[in-house]
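Below: the structure, in structure tokens.
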Amino acid sequence: MDDALIEVEGVTKSFVVRRRAGRFRRTRTVVDAVAGLDFTVRRGEMVGYIGPNGAGKSTTIKMLTGILLPSSGRLRVAGADPVRDRVRLAQRMGVVFGQRTTLWWDLPLRDSYELARRIYRIPDATYTRNLARCVELLELEDLLDVPVRQLSLGQRMRGDIAAALLHEPEVLYLDEPTIGLDVVSKRRVREFLARVNAERGTTVLLTTHDLTDIEQLCSRVMVIDHGRVVYDGGLDGLHEQGRSERTLVVDLEREQPPIELPGTRLVRCEGTRQWLAFPASASAAPLVAALAGRYALRDLSVREPEIEDVIARMYGEAVVAV
Amino acid sequence: MYTAVCVRSFRRYATYRAATGARVITNTVFGFIISYTYLALWQVRPHLGGYDLSSALTYVWIGQGLLSVAALNDLGALTDLQTRISNGDVAVDLYRPVDQQAWWLACDLGRAGYQLVANAAIPMLVGALAFHLRVPQGSGWAVAACWSASALALVLALVVGYAIRYLVALTAFWLLDVRGVQLVYFLACSFFGGFFLPVTLFPPVLEAIARALPFVAVFQVPADVFLQRYDAAGTLAALGLQLVWAVVLLGIGRLVQGRAVLKVVVQGG
Amino acid sequence: MAETHLPLWRSGRWEPGHALRCYGHIVRMWIRAALAYPASFWMTAVGNMLLSGLDFAVIAVMFLHTHALGGWSLPQVAFLYGTSGLTLGLADLLVGSMDQLGVRVRDGSVDTVLVRPVPALAQIAGDRFALRRLGRVTQSGAVLVWSVAHLHLDWTPLKALLLVSLVICGTVIFGSVFVGGSAFHFFMADAAEVQNSFTYGGATMLQYPPTIYARDIVRGTVYGVPLAFVNWLPALHLLGRPDPLGLPSWYAFASPIAALLCVVVAGLLWRTGIRSYRSTGS
Ligand SMILES: Nc1ncnc2c1ncn2[C@@H]1O[C@H](COP(=O)(O)OP(=O)(O)OP(=O)(O)O)[C@@H](O)[C@H]1O
Ligand SMILES: [Mg+2]
């Protein structure tokens, strides 16, 4: 059995935007939000989907959920066309939009869940079990009778995540699910998602700007920029692709002029401390030996590359390449 | 400063172009429907209530024109005030060194000005093309006098209407849900103001009630001035009545506002 | 397909029954929410009743000065008034909240409706269901009862059936206009107030006899937006009035056909609207 759940082939989406130019004229511009995407997600995978602002992440998710009709290309979720089979597929997927709630705004959280039970036709036993689990793991106990509009952003988000999972979807789309959450809530949400993925085998596609989410949850990352996939693979590969660098932090006995050492690049120099960057793939040992031979050292440490920097460099390059 | 506020408000309403178009169409459609009912009625009873047929039809189209100018079916610029009261933003306004009533009057006049140009003109023009409407008649002097009296009556009507709506908006300080009050305002203003039918056609008791209420000053009086139903003295008296209502209602508005401010200060909004 | 092993509640087939049930659940939830503030509820309900009664007050005042309008007596006009108000009121009660759709299109919250396994129409029609709209239904119903009592019609089973069909088909026609009109929110979110011309404007027009209008206007309501089938044509037959257009007599019984046509057109418009929904950038 072919276990590809999401198949995307040459998908594009462009928006026609009318802007007012002057008093009566309007100009028409075409924005290519997604410009030719190709990828496949297998059942049970947990994929991080990242990219700079305006890269087309949300647009992709809206096409996968059947909200938006692609301008061209082929899109299949569980073998079905998300727009044509929208209502049918909706039964099998869960969606969380970080910036928009799917809960009923003026009603208590409990009513929203109750309505979800009817809408998704969840059997009573399943509903009770799943709700209890969500309430426990996401700590919703005290929030159930509060109207959604009175919940704080973080509380609402947890409520939203629970709502998306009551009907045990096969696939879960999360568009910035950790936006605005405090550190503790973030950790709780991550643990919860990891468990859902591990225990039920739910496929998860997650967009975020918090790379810690990706580091802790996803074995696979897709980076998109300007509507195209610029990287697709494991986290480790990201370091190579991004030509990431490690850093030698050198504490000298005395202030010295900037160090020049072949194979390294001076990044910063502050008093007796200097920062030297070198390729992540190179060994640090010969560099340390060379430094120790030339200078009187007080301390020396090696810093691993920051994922943030790697991604930042990647975003930067993609812009240049276009 | 209030002139600037007025102009800005005019511009702001000018950006809602599609909504304006939609309103124009709606008003025109209603104008036609009501015109035909009047036609049917005046066919049986020519000169009913002292209006001849073309006066009656003119009355209809003035009504459709003034509907949005006088903001009968919403609160006009005061919708914003009401929203600000409901969500508590008004507390910020109260600390600014401007007179609230004057500020919002300027806003509302700007809105009315825009809707006079955009919303009132087209339905009236369509009405004039489709039916035989009445324009001021008589000697050159009489015509000029009628137009200027009508303009004055219109401005006074807008001020009276504003004063009423200001009171309606202020109720938001005490009521959680203001829809009910708004509905009552619309009912009272459109029925007793003579918007649906001239109050002269009402049964005597009802007419007496209507004449004693301020709503006639918003619609019936300016329309009658334009239709030359008053002689010179009568016109002056009509304008005087409008003026009195404007002063009285603005005064009440101030009193209520004072109470409301106290409430905000005491309860912190 | 691979999911045949899934239990029924997971298969998510499109079923009208399920859509209707969900509509019912949503409606019930809103009623419960509205009744949480009884004072406000009763005030708006009574206000609505008075508001729709105002139109009738106008008619009553007119009949103070005449015995007939366009050749129709007061009970006859009241019959038109009652049927027009009742059908519009019912349609407004059932799907009238849809004219709020423009706001949702603009802020992009239609997104959340589209990811649920129930047709969007069922959800949007039920959203913000306002029981206070019963005000118009009650008031118009009362006028209708009064007019029927004063009309002294000789009832036959066929006529009774025609009256029942009038109420149902009229509601469906007005409901279709609401739905079809709402679909325009997807194209021009600001201009949708035009819909009011057809619904509230149309209902006002139907309160008066067709004889008072220009013939072309009446013809437009027969062959254009078929509002004449709401009450005019059946009423001509029920009240035994001559038809100003001289249409074939079976037109009086054609309301179900017109209603069906309206539903189809409204459905197509709605579908096109949903397809062209473009969400928002954030
Ligand atoms: N409904 C729309 N109408 C017009 N343009 C749109 C619309 N939705 C998205 N866009 C444009 O498409 C591009 C991609 O938007 P999208 O929301 O997919 O970005 P994103 O990757 O989710 O960004 P972010 O990280 O800021 O959420 C942007 O340039 C945006 O302006
Ligand atoms: Mg986004």
Side-chain angles (χ1 to χ4, degrees), chain B residues 15-45 47-49 68 73-74 130-131 175-192 194-204 206-207, chain C residues 34 37 39-55 57-72 77 102 130 132 135 184 188-214 217-218:
Chain B
T15 56
Y16 306 144
R17 215 173 300 176
T20 306
R23 271 223 174 152
V24 166
I25 294 179
T26 312
N27 291 350
T28 312
V29 169
F30 270 94
F32 270 100
I33 296 171
I34 302 178
S35 290
Y36 279 110
T37 65
Y38 276 35
L39 268 174
L41 186 58
W42 260 263
Q43 233 149 37
V44 201
R45 295 286 310 271
H47 303 291
L48 179 60
S68 11
N73 48 2
D74 52 28
F131 300 95
L175 296 176
L176 277 178
D177 191 347
V178 286
R179 264 179 313 197
V181 186
Q182 250 180 51
L183 212 57
V184 171
Y185 158 74
F186 174 70
L187 288 173
C189 212
S190 48
F191 189 73
F192 289 113
F195 176 73
F196 288 130
L197 274 178
V199 295
T200 23
L201 303 196
F202 288 5
L206 222 49
E207 184 182 353
Chain C
Y37 302 98
S40 164
F41 168 77
W42 284 111
M43 215 163 110
T44 44
V46 171
N48 264 351
M49 203 188 265
L50 287 177
L51 178 64
S52 71
L54 213 60
D55 286 349
V58 170
I59 294 178
V61 170
M62 284 184 165
F63 273 91
L64 283 179
H65 303 280
T66 176
H67 292 296
L69 208 56
W72 293 47
V77 174
R132 62 169 186 280
F184 280 100
M188 305 172 280
D190 302 320
E193 209 195 312
V194 176
Q195 175 192 337
N196 291 351
S197 316
F198 291 106
T199 49
Y200 300 107
T204 309
M205 181 164 150
L206 296 182
Q207 290 168 0
Y208 294 91
T211 41
I212 71 167
Y213 299 102
I217 292 184
V218 180

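Just so we're clear, the structure is a prediction, and the values are computed from it rather than from any experiment. Letters go in sequence order (proteins before strands), and every chain restarts at 1.
- Interface residue C:Ile217: only side-chain heavy atoms are found under 4.5 Å from chain B.
- Note: B:Val44 leads B:Ile34, B:Val24, B:Val44 in heavy-atom pairs under 4.5 Å with chain C.
- Heavy atoms closer than 4.5 Å to chain B are found in both the backbone and the side chain of C:Tyr213.
- Heavy atoms closer than 4.5 Å to chain C are found nowhere in B:Val184, neither backbone nor side chain.
- Contact between C:Tyr200 and B:Phe30 at its shortest, heavy atoms only, is C-CZ, 3.8 Å.
- Distance CZ/B:Phe32 to CE/C:Met205: 11.5 Å, rounded to 0.5 Å.
- Qualifying side chain to side chain contact (heavy atoms under 4.5 Å, CB included) partners for C:Leu54, counting only residues two or more places apart in sequence or in other chains: B:Leu187, B:Ser190, B:Phe191, B:Phe196.
- A heavy-atom distance below 4.5 Å is not found between the side chains of C:Ile212 and B:Leu39.
- In terms of heavy-atom pairs under 4.5 Å with chain C, the best-connected choice from B:Ile25, B:Thr37, B:Leu197, B:Val29 is B:Thr37.
- Looking only at heavy-atom pairs under 4.5 Å with chain B, the residue among C:Thr204, C:Asp55, C:Ile59, C:Val46 that has the most is C:Thr204.
- Interface check for chain C: of the options B:Gly21, B:Pro203, B:Ser35, the most heavy-atom pairs under 4.5 Å are formed by B:Pro203.
- For C:Phe198, the CZ atom counts as loosely surrounded, since its 6.0 Å shell holds 12 or fewer non-hydrogen atoms of other residues, nucleotides or ligands.
- The minimum heavy-atom distance linking B:Ile33 with C:Gly201 is given by the pair CD1-O, 3.1 Å.
- Heavy atoms of B:Leu48 lying under 4.5 Å from chain C belong exclusively to its side chain.
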List the atom pairs, with distances to 0.1 Å, where a side-chain N or O of residues 61-72 of chain C and a protein N or O form a donor-acceptor pair under 3.5 Å, not counting sequence neighbours.
residue	atom	partner	partner atom	Å
C:His65	NE2	B:Leu201	O	2.7
C:Thr66	OG1	C:Ala68	N	3.2
C:Thr66	OG1	C:Ala68	O	2.8

